[in-house]
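Got a structure for you, questions after.
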Amino acid sequence: MLELIAQNMAPIMFVSVVIFLLLGYPVAFSLAANGLIFFVIGVELAPLSNGTIFLDWALLGAMPDRLWGILSNETLLAIPFFTFMGIVLEKSGMAEDLLDTVGQLFGPVRGGLAYAVVLVGALLAATTGVVAASVIAMGLISLPIMLRYGYDRRVASGAIAASGTLAQIIPPSLVLIILADQLGRSVGDMYRGALIPGLILTGVYLGYITMLAIFRPKLVPALPPEARTLGGGVTSLLVAIAAAVAFGYGVHVWAYDAWGANADVLGAVVGVSAVYAYALLDRVLGINTLSRLAQQVIMVLIPPLALIFLVLGTIFIGLATPTEGGAMGAAGAMILAGSKKRLNFRVVSDALATTTRLSSFVLFILIGARVFALTFYGVNGHIWVEHLLLSVPGGEYGFLLVVNLIIFVLGFFLDFFEIAFILIPLIAQPAQTLGIDLIWLGVIIGMNMQTSFLTPPFGFALFYLRSVAARVPYLDRITGRNIEGIKTSDIYKGAIPFIVLQSVMIAIVVLFPQLVLHYRGPVIDPDTVEIKLPQMPGLGGSGAGGLPLPNFGGGAAPGGPAPGGAPAAPGGLPLPNFGAGN
């Protein structure tokens, strides 16, 4: 019996940690406790394991070095920077300004408020990277407005919850940082690979709302005229956008000789900056050549877009590492909050406290995972997992199907951090054995983990929205009507269509890997590569490609007889003569 246990320690460990987690014990302590308990058992059963257990008491001496490797990991330093940036932006009221402005811009069309929620969710994802901040902000601001003007409760709650989860896949996502670290890949490459799928998913959400607006317009009505406080003026906005494009293109053409490929970046920066400066002067000086709507859209949208460029743009063009980009983003967030006169000691204190809690949470889970991994690898658990996954029929597509099903099911019960630290290190090696690109795998898993925020019973986006949505009927202060509260079942049912859309998007990324693999740059065909060596005639003969061959000792030129009567080597090269005479 003991021999059977010794030779099957890996699956026993894995089942044990799952049981601990399902019983509700904290993840970090469940992992560490299982690692230490099974380490003791493994050392005692090693003689009975037939060589499958490689544990010894001296191995615990490696643990301090493993833990120091976590504490000195510069990649993980990006997590507190991006978290701090997101919390400061939330406190600065940026989400409120964006939702109000974009809602007014799209208000005249059916589904306009839902479009605004999705677009603002994408913008918040690209600036904050924190799901909780996005869902809570949109739930507090947009949900009452959507209910006020007749939106279906399920559509409204589903759009808000799903749009908040875009922070999982659109850079600078914290999940992508963790995945890059666990897969041993560059965070910058992970960001590049995830950007296009994240934008396509945003478009899929918008397409779903468009279908509702066409086929079920009563679910997503337009804003009534009295609710459009900024009035019209879309033509003025379009003229301003056209002017920015023309000015930016002119700068691009003018600077191309000096800036090369970066001239387009310079042109975009100058064009947008010029339009923003004009809108600011137009409002301050009271010229009013732009409509109120155009002024508001330009002045509200450009600062977060500038922050996105500061963070992601510098990472993508290679000027900054993700950690440095996060530091610049944190500084930029404080500047934006200060410009709105909302930066004070309380905001900074709350942001620091939240950042410390989240960073400590991640760090303790990672430490527990390292303790668990030390024992799990010592009982050949990684080999067991590798054999298990490689035996799945269907090659890489069979592997991806099984892995995604496992992660999808675990997402019902576990947080994405827990899945990343427990499962990802175990599947990386089998994926490499099958020739799967780990950045592609990371983006697929990141998109799958996004569904864990929407799947009951532990979907965190659903909980965040439940915490701010009205539970009981209330009197609307604008219309004076009595509005029914949101049921928990409405939130759950509203999330289902978006879970389906996310699952479809996972399949698209699997079937079209180039959506992610573009991060490698252009593909080079080796058959089209031609190598030319310089021709140097007239210098004592030439070898392959026209290069002159040296003639040591003043003997015959290459191709002739070697000094001392030695024969020439094949191809005309003289054989050396090491003797003093013939």
Query raised in the report: Can you name the residues that form a side chain to side chain donor-acceptor pair (under 3.5 Å) with N404, not counting sequence neighbours?
Result: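 Here the qualifying residues are N448.
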Query - Main-chain N/O of T165 paired with Q450 side-chain donor or acceptor, under 3.5 Å - result: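 Here the side-chain-to-backbone pair exists.
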Query raised in the report: Where the side chain of R153 meets the backbone of E484, is there a donor-acceptor pair that is under 3.5 Å apart?
Result: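 Yes; at least one donor-acceptor contact below 3.5 Å.
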Query raised in the report: Can you name the one residue among V409, L401, V402 that meets side-chain contact (heavy atoms from CB on, under 4.5 Å) with L405?
Result: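 For L405, the side-chain contact (heavy atoms from CB on, under 4.5 Å) test succeeds with only one of V409, L401, V402, which is L401.
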Query raised in the report: Using the ring of each side chain (for Trp, its six-membered ring), is Y464 parallel, tilted or perpendicular to F453, with breaks at 30° and 60°?
Result: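 Because their plane-to-plane angle lies in the 30° to 60° range, the rings of Y464 and F453 count as tilted.
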Query raised in the report: Measuring from L307:CG to I302:CD1, what's the distance to the nearest 0.5 Å?
Result: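 L307 atom CG to I302 atom CD1 measures 13.5 Å (nearest 0.5 Å).
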**Report entry** From M447 atom CE to L201 atom CG, the distance as rounded to the nearest 0.5 Å
**Finding:**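 It comes to 5.0 Å.
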Requested in this report: Quick one: do I178 and I79 satisfy side-chain contact (heavy atoms from CB on, under 4.5 Å)? Show the steps, please.
Outcome: CA-CA 9 Å; I178 296 295; I79 292 176; 3.4 Å; yes
Query raised in the report: Can you tell me how far CD1 of I422 sits from CD1 of I365, rounded to the nearest 0.5 angstrom?
Result: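 These two atoms lie 8.0 Å from each other.
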Query raised in the report: Under the side-chain contact (heavy atoms from CB on, under 4.5 Å) criterion, do Y519 and V443 qualify, and how do the steps go?
Result: CA-CA 12 Å; Y519 81 92; V443 173; over 6 Å; no
Query raised in the report: Is there side-chain contact between L358 and L174, with heavy atoms separated by less than 4.5 Å?
Result: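 Yes, at least one pair of side-chain atoms sits under 4.5 Å.
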Query raised in the report: Any side-chain heavy-atom pair from M449 and I169 closer than 4.5 angstrom?
Result: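 No, their side chains stay 4.5 Å or more apart.
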Query raised in the report: Are any of the side-chain heavy atoms of P171 and L312 separated by less than 4.5 Å?
Result: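 Yes, their side chains come closer than 4.5 Å.
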Query raised in the report: Going through the checks in order, is the side-chain contact (heavy atoms from CB on, under 4.5 Å) test met by V300 and V102?
Result: CA-CA 9 Å; V300 167; V102 180; over 6 Å; no
Query - Side chains of L293 and Q296 in contact at under 4.5 Å (non-hydrogen atoms) - result: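 No, their side chains stay 4.5 Å or more apart.
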Query raised in the report: Is a side-chain donor or acceptor of E324 paired with a backbone partner of T321 at a separation under 3.5 angstrom?
Result: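 Yes, because the side chain of E324 sits within donor-acceptor range (under 3.5 Å) of the backbone of T321.
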Query raised in the report: Taking the side chain as C-beta and beyond, is there a heavy-atom pair between F364 and V27 under 4.5 Å?
Result: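 In short, these two side chains do not touch, never coming nearer than 4.5 Å.
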Query raised in the report: If you draw a 6.0 Å radius around OH in Y25, do more than 12 non-hydrogen atoms from other residues or ligands fall strictly inside?
Result: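 At most 12 heavy atoms, drawn from other residues, nucleotides or ligands, come within 6.0 Å of this atom.
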Query raised in the report: Atom CD1 of I486 and atom CG of L465: how far apart are they, to the nearest 0.5 Å?
Result: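 Rounded to the nearest 0.5 Å, the CD1-CG separation comes out at 7.5 Å.
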Query raised in the report: Once you round to the nearest 0.5 Å, how far does CG of L310 lie from CD1 of I315?
Result: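 Answer for the CG-CD1 pair, L310 versus I315, is 9.5 Å.
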**Report entry** Straight-line distance of M505 CE to I200 CD1, nearest 0.5 Å
**Finding:**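 That separation rounds to 4.5 Å.
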Query raised in the report: Any donor-acceptor pair under 3.5 Å linking the side chain of S339 with the backbone of L336?
Result: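 Yes, because the side chain of S339 sits within donor-acceptor range (under 3.5 Å) of the backbone of L336.
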Query raised in the report: Backbone N or O of I170 within a donor-acceptor pair of the S173 side chain at under 3.5 Å?
Result: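 Side chain of S173 to backbone of I170, a donor-acceptor pair under 3.5 Å: no, none is there.
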Query raised in the report: Looking at side-chain heavy atoms only, is the closest gap between V269 and F309 below 4.5 Å?
Result: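 Yes, at least one pair of side-chain atoms sits under 4.5 Å.
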Query - Option passing side-chain contact (heavy atoms from CB on, under 4.5 Å) with I87 (candidates V348, V347, L352, T354) - result: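 Of all the options given, the one that passes is T354.
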Requested in this report: Under the side-chain contact (heavy atoms from CB on, under 4.5 Å) rule, what do F82 and I177 come out as? Steps first, then yes or no, please.
Outcome: CA-CA 10 Å; F82 284 123; I177 297 175; 3.6 Å; yes
Query raised in the report: Taking everything shown except F29 itself, do over 12 heavy atoms lie less than 6.0 Å from its CZ?
Result: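 Check fails, neighbour count at 12 or below.
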**Report entry** Option among I141, L140, T101 that satisfies the side-chain contact (heavy atoms from CB on, under 4.5 Å) test with E96
**Finding:**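 With E96 as partner, side-chain contact (heavy atoms from CB on, under 4.5 Å) holds for just one option, I141.
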Report task. Not counting sequence neighbours, list each pair that qualifies as a side-chain hydrogen bond (donor to acceptor under 3.5 Å, both in side chains) and has a residue in residues 199-225. Result ->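 Listed by first then second residue: Y115-T210, Y205-Q502.
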Requested in this report: Measure from the side-chain N and O atoms of R192 to the backbone N and O of F316, and report whether any donor-acceptor pair falls under 3.5 Å.
Outcome: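 Judged by distance alone, yes, a pair lies under 3.5 Å.
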